Protein chains: 2
Amino acid sequence: MTTPDAASDRPEPPIASRKEQQAIVARDRIVRAVIDCLDEHGYAETSINRIQERAGISRGALTHHFPSKEELMVVTAERLLQPTLVPPRKGPRQFDSAEQRISAVEADIVWMWERLVDTREGRALLEILVATRTDVALKGRISETFVRWNRAINESLAANYLLHGLAEDEQRELWTMCRVFLRGLNTQSQFEPDHHARSALVRSFARMIATRFV
Amino acid sequence: MTTPDAASDRPEPPIASRKEQQAIVARDRIVRAVIDCLDEHGYAETSINRIQERAGISRGALTHHFPSKEELMVVTAERLLQPTLVPPRKGPRQFDSAEQRISAVEADIVWMWERLVDTREGRALLEILVATRTDVALKGRISETFVRWNRAINESLAANYLLHGLAEDEQRELWTMCRVFLRGLNTQSQFEPDHHARSALVRSFARMIATRFV
DNA sequence: TACGATACAGAACGAACGTTCTGTTTGTCT
DNA sequence: AGACAAACAGAACGTTCGTTCTGTATCGTA
C-alpha cells in the first residue's frame, strides 16, 4: 500500500532472500487453501479456521500474512485472474479455410471449459464473484481488477486469431458471450447433475458460436 | 409434509380460516424478506437476524414458521421456481414466416432477462444456487426440485412454439443454452458494470440464437 | 555479536451466528 | 364457556466467527 515501487534507479534484482522465499511459500500455501475451501465449501463456509487447518499453518501465521479476511479474498481473486487464460497456440493462427478457423475456435472454447472454468479455480472464482456483488468492502477492493481483466482478456483473445472481415468489437462480443455462457454453466450442475450432459452442451454451444467467427 | 392432500372425496374448498390466513401472510412476508436479503446482502450475510428485521416480525414468529434456516431456504427456493417462467403469449404461436418466429424467440429471450433473471428474484435464486453447490444439507433437500424444474421448463418452452423441422431435443438444448447464458450474465456485472452494455449483450445473444430455431 | 525486523504461535476478545427454550396472546372447535 | 392448539414474543444457549493481542524463534544486517 505504502510501498513506492515506482521505477527506482537501483537495479535490485528480485533475488528473494531465505526469509522472503519462506514468506512467498507460506502465502502460496494459504492462497491455495483458500481456493480449495471455496471450491469445496463455498464462500459462506470458508472461514479463517478452515483455511488455517487446510493450509496446515497456525492462526498467527495466517493473520501475519493476511491481516484480514478481505485481504485474503482480494489476493486470492487476483491470483485466480493471473493466468490470463488464452488457449495455448498449437498451430498456425493464420487459417487457410473457414472450416479450420471454426474448428480452432471450437476447440479453444472446449479447452476453456475444461481447463479454466470447470476447475477448482473456476469454481472458486465464481464464489468470489458472487460474493463480491453484495460485499461492498470487497467490491471496493477488487472490482477495478475485474473490469481491467475483462478488457485485457478480450484484447488478447482477438489478437490470438487475426480475423479479417469481422469487426473487433464483434469479436469481443462473441468472446464475452463464451465466457458468460461457461460461467453460467458452472451453476447448471444443480439443474443438470450429469457431467457428460453439460460437456455436450459446451460442445454444442462451441459449434454454434464458432460459426459466427466469419 | 404430512398433509394427505390426495383427492379426498369431501369437497372441502380451500377456505383458509383467519388463523390460516394469518400464517400464510406471515410466511409470505418472511419469504419475501429472504429474497430481498439474498438480493441485497448475498447468501453469506442473509442471517436470521437480518431476515427477522426485514420482515418486521419477532424472532419467535420466524422460528415458529420456519424452525431452521435450511427450511427457510428450501421454501424460498421453491417459491422462486414457482412462476414456471414462460413468456406470456401475446400473439399466435403458429408463425407464417421464419422472420416472425425468429423475432418472437428474440423478444422472449429479452423478456426472460428483464422479467426473470435481472430481477431481485433472479439474483436471489443465483445466490441459493451457488450456495447449494457446496451445502450438502441444502442440496439434499432441493436438488431434486431443481432437476424437475429444469425438465419441466424445457417441455413448456418447446410446447410454446410448435416448431416443426427442429428436433425436440435440439429445442431443449437451445433453450437450456439461453438459460445458462442469462444466468451467467447475472455474474457479469462485476466485469462489465454498465447495465446497458449487458442489455446489449442479451440482445445480440438473442439475435444469434433465435436464428437457430430453424 | 547485537539489534531490529520478520515469521510464526496461540491465547483472548467481543460480536454475531442459529437453535432451543419458556412464556403470552389469540383464534378455533366442542 | 372452556379446552386446546396455533401464532407470536423474546430471553438464553453454546458455538463459531474475525480480529487483536502478547510472546517466541529465526533471519538479515550493521
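Below, chain A is the first sequence line, B the second, and so on; all start at residue 1. Heavy-atom basis, side chains included; hydrogens, waters and symmetry copies ignored. What you see is a predicted model, and the numbers here were worked out from it, not measured in a lab.
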Length of the CG-C1' vector between B:L62 and D:dA7, whole Å: 13 Å
For atom CD of B:E71 and atom P of C:dT20, their distance in whole Å: 13 Å
Distance-only donor-acceptor test, B:K19 side-chain atoms vs C:dT26 base atoms, 3.5 Å: yes
Whether A:R120 side chain and A:C37 backbone form a donor-acceptor pair below 3.5 Å: no
Interatomic distance, A:F66 CZ vs C:dC8 C1' [rounded to whole Å]: 14 Å
Value in whole Å for how far the P atom of D:dT16 lies from NZ of A:K69: 15 Å
Shortest non-hydrogen contact from A:S189 toward A:N186: OG-O, 3.8 Å
A:I51 CD1 to D:dT16 C1', straight-line distance once rounded to whole Å: 14 Å
A:S58 side chain near C:dG10 phosphate (N/O to OP1/OP2, under 4.0 Å): no
N or O in side chain of B:H64 less than 4.0 angstrom from D:dC8 OP1/OP2: no
side-chain N/O B:N49 vs C:dC17 OP1/OP2, d < 4.0 Å: yes
Heavy-atom closest contact (A:G42 atom, A:E127 atom, distance): CA-OE1, 3.5 Å
B:F213-B:W175 aromatic ring centre distance below 6.0 Å: yes
Sugar-phosphate only, base, or nothing, as touched by A:R59 at under 4.0 Å among non-hydrogen atoms: base
A:R18 CZ - D:dT29 P separation (whole Å): 12 Å
Under-4.0 Å side-chain N/O to phosphate OP1/OP2 contact, B:Q22 with D:dC8: yes
Touch class at under 4.0 angstrom, heavy-atom based, for B:T63 against every strand present: base
Side-chain N,O (A:H65) to OP1/OP2 (C:dA7) below 4.0 Å: no
A:R50 CZ to D:dG18 C1', straight-line distance once rounded to whole Å: 15 Å
Aromatic ring proximity A:F191/B:F146, centre distance under 6.0 Å: yes
For atom CG of A:D135 and atom P of D:dG18, their distance in whole Å: 12 Å
